[in-house]
Amino acid sequence: MTKLTYKRYGFKNGGSPLEIITDSFDFPTDAQGNFIIPKNKILIKIYYASLNPVDYKLKKITYFPPFSLHGIGKDYSGEIVGLGSNVKNFKVGEFVQGFHPGVITDDGTFSQYLLIDTKGLFKTEIATVPQNISLEQAVAWPLVLGTAIKVISDLPIKGKKILVFGGATSVGRYLVQLLQAEKAGEIVVSCSPRSQELVTELGATKIINYRENVLNQVLENVKDKPFDYIFDTWGGNELFPHLKQILVKNGTYHTIVGDDPHSFFTGTSKSFFRTFLSWLHLLGYSYQYVLLGAGGTGWINKAREYVANDDVQIFIDKIYKFEDLNDAIEDIERIMIQCIRPENKQRYQQCGE
């Protein structure tokens with residue numbers, strides 16, 4: 001056995017600090033000294049990992065299993081340095097990016113090396129990096145673009161009238177671009193005036209100013225025809241009492257944040273219950289709380305196609321050094337705290353830009 005020692009971020013539970021630790025893999029080697037990787041797995045040298053709000057939110061609520069040293073991070077880009085015997089579609093030396101289940105598997109992408117599984121419940125999404133983007137860009141899109149793809153999955157988009165809440169959020173920006181690429185008929189998007197120009201460039205055909213009365217603006221937009229689909233990347237419940245007027249019969253309402261993105265019990269739990277009622281066909285419309293979780297379904301190949309065809313613009317906020325992950329988390333948390341502080345109404349309205 002040969003030991004591969006590397007550094008990664010780890011924490012014991014949601015209340016403990018996130019620290020750089022030393023870990024290792026133990027692999028047998030062949031006659032040439034190459035690692036023999038488990039048959040369905042790929043060993044990746046991580047070059048970049050991206051930080052999403054869900055990463056530190058999951059960290060805060062992770063307490064089980066109690067004796068594990070959990071990792072953090074789901075998005076990655078890097079180089080394949082070892083392949084299992086059953087892996088046929090990749091080669092050592094290829095540059096790849098993807099989406100990793102993360103906390104569930106007690107590791108994470110904020111690591112110098114990552115051993116991913118290509119089979120089973122907790123398999124990792126992986127695809128080669130398109131030639132038209134850099135490794136920095138490659139790590140920026142898997143979670144957010146993958147979520148946007150799942151929001152519209154199996155829905156005919158061409159010619160449809162669609163409402164998008166939160167068009168300037170990370171997922172919203174990709175969602176608007178996908179709708180344009182799939183030739184939606186009308187793309188009505190909520191955002192602030194400051195984000196209007198960007199969102200319009202990405203494909204929005206009409207803007208709703210969420211600093212003003214959103215419901216009234218939505219009702220104004222359905223005087224001639226209701227929406228076929230509503231996609232919510234921002235959170236809220238003000239439309240539900242009026243859905244018969246706003247949404248076509250048996251229309252679709254998909255959300256990635258629920259009624260209240262800042263409270264599980266008052267928001268997320270209601271959304272899961274509404275999803276259950278929809279499954280029983282008791283709502284008169286199709287409702288789904290969309291999560292990009294473990295057990296990938298191959299969506300990354302579709303996402304890669306959009307990227308390779310220049311159908312989507314990739315966004316990077318800032319690049320940090322490996323040692324500065326805690327600083328990056330503090331920066332994002334500072335913004336999020338300002339966003340959700342009820343008494344700071346003006347900042348709350350600007351959040352998500």
As an exercise, state the distance from NZ of Lys12 to CD of Glu19, rounded to the nearest 0.5 Å.
8.0 Å
Output yes when a side-chain donor or acceptor of Lys244 lies under 3.5 Å from a complementary backbone atom of Pro241, and no otherwise.
no
Do Phe95 and Tyr47 come within less than 4.5 Å of each other through their side chains, counting heavy atoms only?
yes
Quick one: which of Asn13, Asp106, Thr62 gives a side-chain hydrogen bond (donor to acceptor under 3.5 Å, both in side chains) with His70?
Asp106
Over 12 non-hydrogen atoms of neighbours within 6.0 angstrom of CG in Asp154
no
From NZ (Lys223) to CD (Gln245), nearest 0.5 Å
10.0 Å
Which ILVMFWY residues can you reach from Ile36 by hopping between side chains whose heavy atoms are under 4.5 Å apart?
none
Could you go through the side-chain hydrogen bond (donor to acceptor under 3.5 Å, both in side chains) check for Glu182 and Tyr306 one step at a time?
CA-CA 11 Å; Glu182 296 299 325; Tyr306 282 119; 2.6 Å; yes
Test side-chain contact (heavy atoms from CB on, under 4.5 Å) on Leu58 and Asp55; report intermediate values, then the result.
CA-CA 5 Å; Leu58 284 175; Asp55 295 319; 5.7 Å; no
Listed by chain and number, what are the salt bridge (Lys or Arg N to Asp or Glu O under 4.0 Å) partners of Asp23, not counting sequence neighbours?
Arg8
Stepwise side-chain contact (heavy atoms from CB on, under 4.5 Å) test for Ile133 and Ile314
CA-CA 9 Å; Ile133 64 171; Ile314 296 173; 3.8 Å; yes
Sequence-distant partners of Phe90, side-chain contact (heavy atoms from CB on, under 4.5 Å), two or more places apart
Ile42, Ile80, Leu83, Val87, Glu94, Val96, Ile126, Thr128
Mind checking whether Asp107 and His100 have side chains closer than 4.5 Å, heavy atoms only?
yes
Quick one: does Leu163's side chain get under 4.5 Å of Ile208's, heavy atoms only?
yes
Which residues end up grouped with Phe27 if you chain together Ile, Leu, Val, Met, Phe, Trp and Tyr wherever their side-chain heavy atoms are less than 4.5 Å apart?
Leu4, Tyr6, Phe25, Phe35, Ile37, Leu43, Val81, Tyr113, Leu115
Might you work through the side-chain hydrogen bond (donor to acceptor under 3.5 Å, both in side chains) test for Thr169 and Thr233, ending with a clear yes or no?
CA-CA 7 Å; Thr169 63; Thr233 71; 2.9 Å; yes
With a 3.5 Å cut-off and sequence neighbours excluded, list the donor-acceptor pairs that the side chains of residues 274-284 form with protein atoms.
| unit_1 | atom_1 | unit_2 | atom_2 | d |
| --- | --- | --- | --- | --- |
| Arg274 | NH1 | Asp259 | OD1 | 2.8 |
| Arg274 | NH1 | Tyr287 | OH | 3.3 |
| Arg274 | NH2 | Asp259 | OD2 | 3.0 |
| Thr275 | OG1 | Ser271 | O | 2.9 |
| Thr275 | OG1 | Tyr289 | N | 3.2 |
| Ser278 | OG | Tyr287 | N | 2.9 |
| Ser278 | OG | Tyr287 | O | 3.3 |

So Lys41 and Thr118, side-chain contact (heavy atoms from CB on, under 4.5 Å) or not? Walk me through it.
CA-CA 6 Å; Lys41 298 192 176 184; Thr118 61; over 6 Å; no
List, one per line, each side-chain donor-acceptor pair under 3.5 Å for residues 317-330, sequence neighbours excluded.
| unit_1 | atom_1 | unit_2 | atom_2 | d |
| --- | --- | --- | --- | --- |
| Tyr320 | OH | Asp331 | OD2 | 2.5 |
| Asn326 | ND2 | Leu18 | O | 3.1 |

Can you check whether Ile207 reaches Val199 side chain to side chain, under 4.5 Å on heavy atoms?
yes
Can you tell me how far apart CD (Glu201) and CD (Gln177) are? Round to the nearest 0.5 Å.
10.5 Å
Residue list, side-chain hydrogen bond (donor to acceptor under 3.5 Å, both in side chains) with Lys302, at least two apart or on another chain
none
How would you list, by chain and number, every residue that makes a side-chain hydrogen bond (donor to acceptor under 3.5 Å, both in side chains) with Thr147, sequence neighbours excluded?
none
Show, in sequence, the C-alpha distance, side-chain angles and deciding distance for Asp75 and Asn52, and conclude whether the side-chain hydrogen bond (donor to acceptor under 3.5 Å, both in side chains) test is met.
CA-CA 9 Å; Asp75 288 339; Asn52 296 285; 3.1 Å; yes
Residue that, paired with Leu178, satisfies side-chain contact (heavy atoms from CB on, under 4.5 Å) out of Ile152, Asp311, Val151
Ile152
Nearest 0.5 Å, please: how far is CD1 in Ile316 from CH2 in Trp141?
13.0 Å
In this structure, would Ile44 and Leu143 fall into the same cluster of hydrophobic residues linked by side-chain contacts under 4.5 Å?
no
A side-chain contact here means heavy atoms from C-beta on lying under 4.5 Å apart; do Asn209 and Pro193 qualify?
yes
Under the side-chain hydrogen bond (donor to acceptor under 3.5 Å, both in side chains) test, which residues partner Asn213, sequence neighbours left out?
none
With Tyr229 via ring-ring contact (aromatic ring centres under 6.0 Å, His included) - residues at least two apart:
Phe231
With hydrophobic residues grouped by side-chain heavy-atom distances under 4.5 Å, do Val164 and Val248 end up in a single group?
no
As an exercise, state the distance from CG of Leu145 to OG of Ser170, rounded to the nearest 0.5 Å.
12.0 Å
The side-chain hydrogen bond (donor to acceptor under 3.5 Å, both in side chains) partners of Lys39 (sequence neighbours excluded) come to none
Quick check: closest heavy atoms across Glu125 and Tyr76, and the distance to 0.1 Å?
O-OH, 3.0 Å
Pairwise side-chain contact, Ile149 with Tyr174, heavy-atom cut-off 4.5 Å (strictly under):
no
Are any of the side-chain heavy atoms of Val139 and Gln97 separated by less than 4.5 Å?
no
Apply side-chain contact (heavy atoms from CB on, under 4.5 Å) to Phe110 and Ile46, showing your working.
CA-CA 8 Å; Phe110 285 94; Ile46 300 295; over 6 Å; no
How many angstroms lie between atom CG of Asn216 and atom CD of Glu238, to the nearest 0.5 angstrom?
11.0 Å
Flag the pair Ile230 / Thr252 as yes when at least one side-chain heavy-atom distance between them is below 4.5 Å, and no otherwise.
no
Heavy atoms of Pro53 and Ile332 approach each other most closely as CG-CG2, 4.4 Å
Should we say atom CD of Gln313 is surrounded by more than 12 heavy atoms from elsewhere, each under 6.0 Å from it?
yes
Between Asp310 and Asn132, is any side-chain donor less than 3.5 angstrom from a side-chain acceptor?
yes
For Thr124 and Ile116, indicate whether the former's side chain and the latter's backbone hold a donor-acceptor pair under 3.5 Å.
no
Which pair of heavy atoms, one from Arg304 and one from Ala127, lies closest together, and at what distance?
CD-CB, 4.0 Å
Using modelled atom types and a 3.5 Å cut-off, is there a donor and acceptor pairing between side-chain atoms of Ser16 and backbone atoms of Phe11?
no
Partner residues of Lys225 under the side-chain contact (heavy atoms from CB on, under 4.5 Å) criterion, sequence neighbours left out
Lys161, Asp228
